[in-house]
K.L.:
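Structure incoming, see below.
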Amino acid sequence: MAGPMKERITELLNAALERARAAGQLKSAAPVFTVEAPRDPSHGDAATNAAMVLARAEGKPPRAIAEIIRANFEPGGDIAEVSIAGPGFINFRMAPGFWHRRLFAAAREGERFWYPQLGGGRKVNVEFLSANPTGPLTVGHGRNAVLGDTIARLHEATGFKVVREYYFNNGGRQMRMLAESVRVRYLQELGIDAQLPPDGYQGEYIRDIAHQLVLRNGDRLAQGAAEEIFKNAAERAIFADIRNTCERLGIRFDVYTNELDLIKAGKIDAVIEGLRKRGLIAEYDGAVWLRGEPLGLPKDRVLIRSGPEREPTYRTPDIAYHIDKLERGFDLIIDVFGADHIAEHEGVAAAVRALGYDISPIRVIIYQFVTLTRGGEKVKMSTRKATYVTLDELIDEVSPQGEHEWSPADVVRFFFLFRKSDTHLDFDIDLAKRQAPENPVFYVQYAHARLASVFREAAKAGLVLPDEVERIDLTLLSEEELALARRLLDLPEVVRTSVEELEPHRIPFYLLEVAGDFHRYYNKPSNRIIGQDQELSRARLFLAGVIKSAIASGLRLLGVSAPERM
RNA sequence: GCGCCCGUAGCUCAACUGGACAGAGCAUCGGACUUCGGAUCCGAGGGUUGGGGGUUCAACUCCCUCCGGGCGCGCCA
């Protein structure tokens, strides 16, 4: 519901309550009531529960109180009707002129209208994906990447300054294992007998990296070559691959941060020192521990491993990393994590707070895992065992073939966003492949392409909208068309909720509804946009333009293209 | 065992964060244009929102409990 309308009605309601009290018709103090758009549009444009929340204090039935409020309500110019319904709702219906003015505003302002400015230039850091460079991106990473990027887009659109950030660990055991795996494949490539360690990486891409090393170095690395060489080669190659996949999805990062740099900058040591000063460090079993009990955590957590290397666990740099982000002065720090990280994040947050930082800027969006179904069976995925479907393969498989105006990422992006992040996502590959033309994304894009086509036809027929849109007579629009307009004009509120609650899935669901409204409207012969009556045609074409603008603006938030032709 | 998430139509999911009669898309069955794009539209069937209790004028939504599924409880990330 439009913000201005809501505020206006709230004011008028408060005035009515005041009058009723002055007249002795009500005795209790102003209640906390809400003004919202009813779920069912036939109930009106706005509704309040004021009478119902007053019922108890007044000792009267809600509908009787509603009558009192209505009797004292002096409607402003835009409110056409005030009625009482259901258990005691007071419903308001706006005059058509209100909607006409909103439509004109939408046409004039374009994206500024659809994207409410919430950020005021505040700085937000969105950390997402953050996959360690040990292999190609999998389908699970895809959900993270698309969610994170879309949250970034939502914030950009609504007036935040956004940094997209990728954090990775390159100091630990996993990277050593990666290096070792490359070395083994390298030796094998040279015909030298070598065995992958039990936890080694078995993927084909390791052989590719080893093969490249042979091409460039021959057998010079066969004896005594530093682990560093294999590690760097692997990291470089895998990152190139990850970047490429992200590029295909329309995703680019502004900042990469890694563990080794944090170590070199002494930030890890600083964390340990700070914690030690506060009595939060324990040392036993040869390791350095974060004490759980004083932080309200279930148990102690290792910060520095035992053994001669004195290696930090992943959690220590993560603490340092979050402090680093806080010190860089972001107003909002968003972490996109898989469900398996949630417990760990609590520990990290507790440590950061214990070190004296205000962690309120940090917000976490958790997403549940993606399960993949192929041939009716769940595919179990493991990076190490190389039994995964890569994100690249998925993009290839579900993207339409041939020449198109739209991006190969459209289907994948839309699918990943088409459910709430904290529910499991079941991705049936066969279905996505086979039914690609019936995917919801095509339904929405088709609505846009159809509208574009209408404008092409209108131009052919010499029908053009005036620059001064206010000259168009919107009183010619039918009730059905106004209903369509009302849903359309919801977009700014949908965007607001998506940003505030970090719930991007609202956008694709909204777009599906608008597209459905339009397809239904369009299919009725009586709703022909380009017709004999010039004035009516102009009013309808104008509305069509606003619909097109809303769909395009919504899709842009998702990183999904809005094709003019399909 | 403990913690977090989930359980809504045959399947995959929504439900404006406590509001009115729980809605879409697939799937099934039956229909619709000789002009703006049929990748569309119309209609039908399908529900005790996992079970039970509680709070509230009002519960899919909050609390308790039980059942079922996922994730975590690593000196992996």
Side-chain angles (χ1 to χ4, degrees), chain A residues 1 34 36-40 42-43 47 49 51-56 61-62 85-89 91 130-132 134 168-169 172-174 177 199 285-289 298-299 301-307 311-315 318 338-344 346 366-369 371 383 418-420 422-428 431 435-440 442-443 445-447 449-458 460-461 463 490 493-494 496-497 500-501 503 505-506 509-510 512-513 515-516 518-525 527-531 537 540-541 544 565-566:
Chain A
M1 178 180 30
T34 61
E36 288 177 329
R39 187 174 301 179
D40 182 347
S42 73
H43 291 133
N49 62 353
M52 292 183 289
V53 294
L54 268 170
R56 167 168 282 219
F89 285 103
N91 293 332
S130 293
N132 288 337
T134 57
F168 62 100
N169 295 94
R173 189 181 157 278
Q174 281 203 23
M177 186 60 71
D199 309 337
D285 294 347
V288 177
W289 300 73
K299 54 172 76 167
R301 304 286 171 87
V302 172
L303 293 172
I304 307 287
R305 281 193 266 269
S306 60
E311 268 181 344
T313 60
Y314 60 91
R315 119 182 2 105
D318 208 21
D340 55 339
H341 276 59
I342 184 162
E344 186 48 45
E346 285 160 9
I366 299 284
Y367 64 92
Q368 298 293 323
F369 281 154
T371 54
T383 303
F418 197 49
R419 62 215 58 194
K420 211 161 43 179
D422 62 4
T423 65
H424 292 267
L425 193 159
D426 187 18
F427 208 124
D428 187 331
L431 195 76
Q435 301 199 339
E438 295 170 64
N439 282 340
F442 290 97
Y443 185 83
Q445 290 181 317
Y446 180 54
R450 250 185 164 178
L451 283 157
S453 170
V454 168
F455 274 86
R456 287 192 295 270
E457 289 300 320
K460 275 189 227 160
L463 183 62
D490 266 347
E493 278 304 299
V494 175
R496 173 194 300 275
T497 310
E500 289 175 349
E501 307 294 330
E503 293 181 339
H505 74 278
R506 291 175 182 280
F509 277 99
Y510 165 84
L512 206 64
E513 285 179 349
F518 168 68
H519 285 310
R520 273 187 290 280
Y521 164 77
Y522 181 88
N523 259 64
K524 284 187 203 163
N527 288 332
R528 230 187 124 66
I529 293 167
I530 305 161
S537 294
R540 286 179 170 174
L541 190 65
R565 290 187 168 80
M566 294 178 70

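Lettering follows sequence order; numbering is per chain, from 1. Owing to the predicted nature of the structure, the values given are computational and were not obtained by experimental measurement.
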K.L.:
Looking for any heavy atom pair under 4.0 Å, which part of the strands does A/R56 touch: base, sugar-phosphate only, or nothing?
P.N.:
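Contact class for A/R56: sugar-phosphate only.
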K.L.:
Stacking here means centres under 5.5 Å and planes under 30°; does A/Y522 stack on B/rC36?
P.N.:
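Stacking between A/Y522 and B/rC36: present.
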K.L.:
Could you check which of B/rC75, B/rG19, B/rA20 has an atom nearest any side-chain atom of A/V302?
P.N.:
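Closest of the options to the side chain of A/V302: B/rC75.
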K.L.:
So what does A/R301 touch, heavy atoms closer than 4.0 Å: a base, only the sugar-phosphate, or nothing?
P.N.:
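No contact.
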K.L.:
Using a cut-off of 4.0 Å on non-hydrogen atoms, how would the nucleic acid contact of A/K420 be classed: base, sugar-phosphate, or nothing?
P.N.:
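The residue A/K420 makes sugar-phosphate contact but no base contact.
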K.L.:
Can you figure out which of B/rG74, B/rU56, B/rA20 approaches the side chain of A/A47 most closely?
P.N.:
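Ranking B/rG74, B/rU56, B/rA20 by closest atom to the A/A47 side chain puts B/rA20 first.
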K.L.:
For B/rC29 versus B/rC13, give the span between their C1' atoms, rounded off to a whole number of Å.
P.N.:
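The same atom, C1', in both gives a distance of 23 Å.
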K.L.:
Consider only side-chain N and O atoms of A/N132 and A/T134, and report whether a donor and an acceptor are under 3.5 Å apart.
P.N.:
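No donor-acceptor contact under 3.5 Å links the two side chains.
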K.L.:
What's the closest nucleotide to the side chain of A/E501 if the choices are B/rU17, B/rG19, B/rG37?
P.N.:
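From the listed options, B/rU17 comes nearest.
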K.L.:
Base, sugar-phosphate, or nothing for A/R315, non-hydrogen atoms under 4.0 angstrom?
P.N.:
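The residue A/R315 makes no contact with any strand.
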K.L.:
Look at the side chain of A/T423 and decide which nucleotide, out of B/rA14, B/rU12, B/rG19, has an atom nearest to it.
P.N.:
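Per side-chain heavy atoms of A/T423, the pick is B/rA14.
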K.L.:
So which nucleotide from B/rC21, B/rC76, B/rA39 ends up closest to the side chain of A/R305?
P.N.:
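Nucleotide nearest to A/R305's side chain: B/rC76.
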K.L.:
Check every strand shown and say whether A/H341 touches a base, only sugar-phosphate, or nothing at a heavy-atom separation below 4.0 Å.
P.N.:
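Touches a base.
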K.L.:
Please work out whether B/rU35 sits syn or anti, treating a glycosidic angle within 90° of 0 as syn.
P.N.:
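That one's anti.
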K.L.:
When the P atoms of B/rC63 and B/rC6 are compared, how many Å lie between them, rounded to an integer?
P.N.:
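Going atom to atom, P in each nucleotide, I get 11 Å.
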K.L.:
If pairs are Watson-Crick or G-U with both distances under 3.5 Å, what is the dot-bracket string of RNA chain B, marking crossing pairs with [ ] and pairs to another strand with |?
P.N.:
(((((((..((((.....[...)))).(((((.......))))).....(((((..]....))))))))))))....
K.L.:
Expressed as a whole number of Å, how far does the C1' atom of B/rC36 sit from that of B/rG31?
P.N.:
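Taking atom C1' in both B/rC36 and B/rG31, they lie 24 Å apart.
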K.L.:
Can A/F89 be classed as stacking with the base of B/rA20, given a centroid separation cut-off of 5.5 Å and a plane angle cut-off of 30°?
P.N.:
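Aromatic stack with B/rA20 present for A/F89.
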K.L.:
Quick check on B/rC76: is either OP1 or OP2 less than 4.0 Å from any side-chain nitrogen or oxygen of A/R173?
P.N.:
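Indeed not, no polar side-chain atom of A/R173 lies that close.
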K.L.:
Can A/H505 be classed as stacking with the base of B/rA14, given a centroid separation cut-off of 5.5 Å and a plane angle cut-off of 30°?
P.N.:
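No, the aromatic ring of A/H505 does not stack with the base.
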K.L.:
Any base atoms under 4.0 Å from A/A85, or only sugar-phosphate, or nothing? Heavy atoms, all strands.
P.N.:
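The answer is base, as A/A85 lies within the cut-off (heavy atoms under 4.0 Å) of a base atom.
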K.L.:
For the side chain of A/A449, starting at C-beta, report the closest nucleotide among B/rC75, B/rG37, B/rG70.
P.N.:
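For A/A449, the side-chain atoms sit closest to B/rG37.
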K.L.:
Side chain of A/I530, heavy atoms from C-beta onward: which of B/rA15, B/rC36, B/rG37 has the nearest atom to it?
P.N.:
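Comparing B/rA15, B/rC36, B/rG37 against the side chain of A/I530, the answer is B/rC36.
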K.L.:
Quick one: label A/H519 by what it contacts on the DNA or RNA (base, sugar-phosphate, nothing), any heavy atom closer than 4.0 Å.
P.N.:
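The residue A/H519 makes sugar-phosphate contact but no base contact.
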K.L.:
From C-beta outward on A/N523, which listed nucleotide comes closest to its side chain: B/rC41, B/rG37, B/rG74?
P.N.:
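For the A/N523 side chain, the nearest candidate turns out to be B/rC41.
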